[in-house]
Amino acid sequence: MEYNFRETEKNWQDYWAKNKTFKAENDSSKPKYYVLDMFPYPSGAGLHVGHPLGYIASDIFARYKRLKGFNVLHPMGYDSFGLPAEQYAIQTGQHPEITTKTNIARYREQLDKIGFSFDWGREVRTSDPSYYKWTQWIFIQLFNSWYNPETNKAENISTLIDKFRNNSLSFGEGRAEAWDNLSEKEQSGLLLEYRLAFLSDTMVNWCPQLGTVLANEEVKDGVSERGGYPVERKLMKQWSLRITAYAERLLNDLEGIDWTESIKEAQRNWIGKSEGTSLKFRIENSDSEIEVFTTRPDTIFGVSFVTLAPEHELVAAVTTAEQKKAVEEYITFAKNRSERERMADVKKITGVFTGGYVLHPFTGKKVPIWIGDYVLAGYGTGAVMAVPGHDSRDYAFAKHFDLPIIEVVAGGDLSKESYDAKEGKLINSDFLNGLEVKDAVKKAIAAIGEKGLGKGKTNFRLRDAIFGRQRYWGEPIPVYYTEDGIPKVLDETELPLILPEVDKYLPTETGEPPLARAKDWKYKGKFEYEYSTMPGWAGSSWYFLRYMDAHNDKEFASRKAIDYWQNVDLYIGGAEHATGHLLYIRFWTKFLYDLGLIPVTEPAKKLINQGMIQGVSSFVYRIGQRVFISKNRIGSKLSEEEMSMINPDEDNLTPLPIHVDVNIVNNNVLDIEAFKNWREEYKNAEFILEDGKYICGSEVEKMSKSKWNVVSPDTMVEQYGADALRLYEMFLGPLELSKPWNTNGISGVSNFMRKLWRLYHNGDTLNISDEAPAKPELKVLHKTIKKIVHDIENFSFNTSVSNFMICVNELTELKCNKRAILEPLAIIIAPYAPHMAEELWKRLGHTESITYAAFPEFREEYLVESAFNYPVSINGKTRFFQEYDLSLSKEDIEKEVLNLEQTQKYLEGKTPKKIIVVHNRIVNIVV
RNA sequence: GCGGAUGUGGCGUAAUUGGCAGCCGCGCCAGACUUAGGAUCUGGUGCCGUGAGGCGUGGGGGUUCGAGUCCCUUCAUCCGCACCA
């Protein structure tokens, strides 16, 4: 009897569910291990074959750790708030909750079929009130906290109020009123400048099509990441999170975690730390100063103009009457240019002279003030000292407007381009002349400090994260407003603030978010709630903690559970979250740590990014309306019969490529019957074939419904079984690599599964011998154990599949049916092919699941050889092989080799210059 | 522009980390068995050459007894960031 994967896999999946085989305990004598996948957003399209890649890898690891005696936490859940469900709701009127539930059910069904060892008892859904209650709770903690730069951590806002009281507000820059004399509104406004969750007027990314603001992380190339709609800058009152307070720690702590270099680098980039100095330029005929930020104070004598961002607050003040009109026109122009336009023509230089001047702090010379939109209002001080000689952007601006270019660092050719390198000697620079750049920087900073013109300063590119979304399907922000408009957070006992029902999922006529439609939705019946909801990333910024204690209704997770599980040992997910989710989850973790709520500062010790699985689209080529030409016949001569199919008068004779469903194409050969039935319009299609077949074209593209290249895991499981799918996804190549899906190859692992089964069976019956194993059999087993352990621990799952194949091939060759070999083999393969492993385990006479069997111990002694077959090479080229006992010394081997007839043949009478003998490796003779 | 990765047969890939390049699989070729099949089994399969042999890890150079692996240089592809002063 052949192995019946359909029945067997179903049986074991039922068994695992019924016996709660993968339930993790929150305390155990075993060491803990936490394996986490990035939980999915349950979209309507269901899972394609690319989604489970990371889940399979993490599942193998989790199962391996269980066999190694660890108490493993391996949970799964759903990131179930989000835009697609809401947009679907807008179109259909269907409540997003219903769509979400349906999608989750579908996801669960698909996941179950693959045989994952998730502890479903800990499932979380971010859209569930019992979950978002705690997301709201964390928001309240953020609101009630500020970042104390002295202790370098978040503290309760009361410690700030104490400071205000004691120092009469001298703590806040430039304020001297007494705290208690301020009105409540003034106090609230002041505190908002410090709270980690705060309301402020900020420039936001406004997306009119989506009707919401977006975080910087959600905007790519000036369009929304979801949907690709244009995004514009707009000043709005918005909730934000003060992630910038954590910039330094987010940067520094990257050192201590085992994440891929590319993710760490992306985060470093995003945080964008840059060290420099601030410097003030006195405005001519005025008491005001323009403050700039520069990383190159050494080039101070190369300043030939100062550029302000169009939004800079001093623009009006420095503009002269003659230039007023031009400046105003320019500002209007800059304002109306969308972010997208501005990015699209980075090369285009625009700007205007204000007519005003500043005085050079060292020479006292007049320096013209310009406005240019290459200077960003949001970074540094929104003003730069332009050094066209040594900054390419200033150079381009100076060239364009014909402004002077001064060389102050020797080494470049300023007639061609600016010299930006930070090496060379200073020239034309008064007291800096002759110094190397590095020393000149130091001396310049010192001089600037002495004159009281500025001081060393660090800037970050990281912006505070805008937190409010003018959307329905998200966590309500637990805030209400008093009659004075003072925002107040709800009391913790009032949580969760349930997402109210609305009649439509659209903004109101007055442009308020959908939540404003909710009937009688008022705090204590009279105060208005905040109508914005939280962004998609809120719920995912702490979910790893909730899994530790998923049903706790008193706390977000009990201290005991958190102290036990600590943080994630292995986190697997896509690299697309590099600067979004993975930054936020680190931020929230650090915040909760500061409050003393959790014992760790990082969410995950190790992170692996699985690659994308791309689709391979297939194409048919249509001529006219109903004739399809095989790929390699395009451009070839057609027979008379073939010609008669085409009507050259009516038909367009250029073959038109059309995506065809990959499920009716095998090895690029089209299933013509299936194709005719695929769509009504192709029922009467005619074909121009090659070798009697229709060959399709193919191309690697993103896997998506519209490209007809989606391969569903269900189809694979149905045809080959879950174990085969698991093995094949791993066999495809290194986990981190992106690769196109090719269904053809799965037959290889499918054959392997059958071979494995046959190893234990003779025809229909189990065929196992209790005889002691022979040495070669033990050698094969232990070689495999060694390799598999090495592979798993290095996350090299592709090579372990290949090693299993080698092992089974060799044991088949040896006709091995010894229990002492096949039992351990079942265990080591169990993480990869758990269903078959369970079935074999049972047939071998075990009554318990294989999940908690003991992983076999590797024994070196079985691999020890007494001799080695040395490759003998002459001048590095392998010529022949010779076996020598391993006890022989190098000298002995050297002598023996030289005496060999074959050696003499290759030496052709010459005397070797040198002989290299590497023990257990190679012999090389140099002639 | 900055940063991160990747280049090996027709294809996906492998190489105990400086020691026999091409493991494992797909595909292909040949054979066996078959009331034909896109099933199964056996063998072969880097390239050139009938052969001895030669050539081969994107290209060029170097270090070394020995380089896919280390160094320099160059090219190509993918991804991330980007007027960040």
Side-chain angles (χ1 to χ4, degrees), chain A residues 220-221 260-270 272-274 276 292-296 299 307 309 342-343 345-349 372-376 378-387 390-394 396-397 420 459-463 575-576 578-579 609 611-612 666-667 669 671 727-728 731-734 736-752 754 783 786-787 790 796 798-809 869-881 912-918 920-927:
Chain A
K220 295 261 144 78
D221 300 323
T260 54
E261 197 45 43
S262 67
I263 294 276
K264 287 195 194 181
E265 198 57 35
Q267 293 209 348
R268 282 188 202 114
N269 247 312
W270 192 262
K273 181 176 179 174
S274 109
V292 303
F293 173 75
T294 180
T295 55
R296 294 293 303 275
T299 60
T307 317
R342 198 162 147 170
M343 282 186 187
D345 44 33
V346 170
K347 294 269 139 59
K348 194 170 145 195
I349 292 149
D373 71 354
Y374 79 96
V375 177
L376 304 175
Y379 183 78
T381 60
V384 301
M385 59 175 226
V387 184
H390 307 281
D391 180 285
S392 54
R393 294 148 308 179
D394 297 340
F397 196 84
D420 296 9
N459 257 322
F460 291 96
R461 202 149 66 202
L462 187 70
R463 293 284 92 94
E576 68 274 18
T579 52
N609 301 117
M612 277 245 267
N666 195 328
N667 268 333
V669 179
D671 181 335
L727 284 170
Y728 186 54
F731 188 59
L732 237 34
E736 296 92 331
L737 237 62
S738 284
K739 52 234 156 189
W741 177 262
N742 175 8
T743 299
N744 298 329
I746 199 171
S747 64
V749 290
S750 184
N751 283 341
F752 160 74
R754 277 201 289 271
K783 186 178 73 180
K786 186 182 181 182
K787 284 187 166 161
H790 179 265
S796 175
N798 54 326
T799 52
S800 39
V801 177
S802 143
N803 281 320
F804 281 127
M805 289 175 173
I806 295 167
C807 173
V808 168
N809 286 347
N869 197 18
Y870 284 88
V872 180
S873 51
I874 315 287
N875 287 336
K877 207 155 264 171
T878 309
R879 294 298 177 175
F880 61 92
F881 290 87
K913 280 190 201 138
K914 201 171 174 187
I915 299 178
I916 289 110
V917 179
V918 183
N920 216 352
R921 278 281 141 84
I922 202 168
V923 177
N924 191 19
I925 303 169
V926 188
V927 187

Watson-Crick/G-U partner (both atom distances under 3.5 Å) of [N]:
N: B:rG19; result: B:rC65
N: B:rC41; result: B:rG31
N: B:rG10; result: B:rC26
N: B:rG49; result: none
N: B:rG80; result: B:rC2
N: B:rA85; result: none

Quote, to the nearest angstrom, the [atom1] distance that separates [N] from [M].
N: B:rG68; M: B:rC75; atom1: P; result: 23 Å
N: B:rG7; M: B:rA14; atom1: P; result: 8 Å
N: B:rG46; M: B:rC11; atom1: P; result: 14 Å
N: B:rG18; M: B:rC70; atom1: P; result: 8 Å
N: B:rA21; M: B:rC55; atom1: C1'; result: 13 Å
N: B:rU8; M: B:rU63; atom1: P; result: 27 Å
N: B:rU40; M: B:rU34; atom1: C1'; result: 10 Å
N: B:rA36; M: B:rC20; atom1: P; result: 49 Å

Practice prompt. With the side chain counted from C-beta on, respond yes when A:Leu732 and A:Trp741 share a heavy-atom pair under 4.5 Å apart, and no when they do not.
Written response: yes
Discussion item. If you compare all heavy atoms of A:Asn875 against all heavy atoms of A:Val926, which two are closest, and at what distance to 0.1 Å?
Written reply: OD1-CA, 3.5 Å
Worksheet item: How far apart are the closest heavy atoms of A:Ile922 and A:Ser873, and which atoms are they?
Response: CD1-OG, 4.2 Å
Item to complete: Determine whether any donor atom in the side chain of A:Asn924 lies under 3.5 Å from an acceptor atom in the base of B:rC65, or the reverse, and answer yes or no.
Response: yes
Within the structure, does a side-chain N or O atom of [X] lie under 4.0 Å from either OP1 or OP2 of [N]?
X: A:Tyr374; N: B:rA85; value: no
X: A:Asn751; N: B:rU40; value: yes
X: A:Ser274; N: B:rA85; value: yes
X: A:Lys914; N: B:rC65; value: yes
X: A:Asn920; N: B:rG19; value: no

Could you check how far [atom1] of [X] sits from [atom2] of [N], rounded to whole Å?
X: A:Asn875; N: B:rG66; atom1: CG; atom2: P; result: 8 Å
X: A:Asn609; N: B:rG4; atom1: CG; atom2: P; result: 16 Å
X: A:Met612; N: B:rU6; atom1: CE; atom2: P; result: 18 Å
X: A:His790; N: B:rU16; atom1: NE2; atom2: P; result: 8 Å
X: A:Asn269; N: B:rG3; atom1: CG; atom2: C1'; result: 6 Å
X: A:Phe460; N: B:rA85; atom1: CZ; atom2: C1'; result: 16 Å
X: A:Ile915; N: B:rG66; atom1: CD1; atom2: C1'; result: 15 Å
X: A:Trp741; N: B:rG12; atom1: CH2; atom2: P; result: 16 Å

Which of the following nucleotides, [options], is nearest to the side chain of [X]?
X: A:Val384; options: B:rU16, B:rG3, B:rA85; result: B:rA85
X: A:Thr295; options: B:rA85, B:rG4, B:rC81; result: B:rA85
X: A:Val918; options: B:rG19, B:rC24, B:rA14; result: B:rG19
X: A:Asp391; options: B:rA85, B:rA82, B:rG25; result: B:rA85
X: A:Ile806; options: B:rG38, B:rG3, B:rC24; result: B:rC24
X: A:Leu376; options: B:rC20, B:rA85, B:rG19; result: B:rA85

When all nucleic acid strands are considered with a 4.0 Å heavy-atom cut-off, which category describes [X]: base, sugar-phosphate, or nothing?
X: A:Val926; result: sugar-phosphate
X: A:Ile916; result: base
X: A:Asn798; result: sugar-phosphate
X: A:Arg754; result: sugar-phosphate
X: A:Pro740; result: nothing
X: A:Phe881; result: base
X: A:Ile263; result: nothing
X: A:Asn809; result: sugar-phosphate

Worksheet entry | Ring geometry between A:Phe397 and A:Tyr374 (parallel below 30°, tilted from 30 to 60°, perpendicular above 60°) | tilted
Item to complete: Could you tell me whether a side-chain N or O of A:Lys739 sits under 3.5 Å from a main-chain N or O of A:Pro734, the two making a donor and an acceptor?
Response: yes
Worksheet item: Distance-only, no hydrogens or angles: does the A:Asn924 side chain make a donor-acceptor pair with backbone N or O of A:Ile915 under 3.5 Å?
Response: no
Discussion item. Less than 3.5 Å apart, any donor N or O on the side chain of A:Ser274 or A:Tyr379 sitting next to an acceptor on the other?
Written reply: yes
Discussion item. Taking syn as a glycosidic torsion within 90° of 0 and anything else as anti, which one is B:rU17?
Written reply: syn
Worksheet item: Going by a 90° cut-off around 0, is B:rG62 syn or anti?
Response: anti
Response to the item:
5'-most contact on RNA chain B (nearest-nucleotide basis), A:Ile922 vs A:Glu261, goes to A:Glu261
Worksheet item: If you find the nucleotide of RNA chain B closest to A:Ala266 and the one closest to A:Thr381, which residue's nucleotide is nearer the 5' end?
Response: A:Ala266
Practice prompt. Kindly indicate, with the supporting measurements, whether the criterion side-chain hydrogen bond (donor to acceptor under 3.5 Å, both in side chains) is fulfilled by A:Thr799 and A:Ser796.
Written response: CA-CA 6 Å; A:Thr799 52; A:Ser796 175; 2.5 Å; yes
Item to complete: Can you measure from CE (A:Met612) to CD (A:Glu736) and round to the nearest 0.5 angstrom?
Response: 15.5 Å
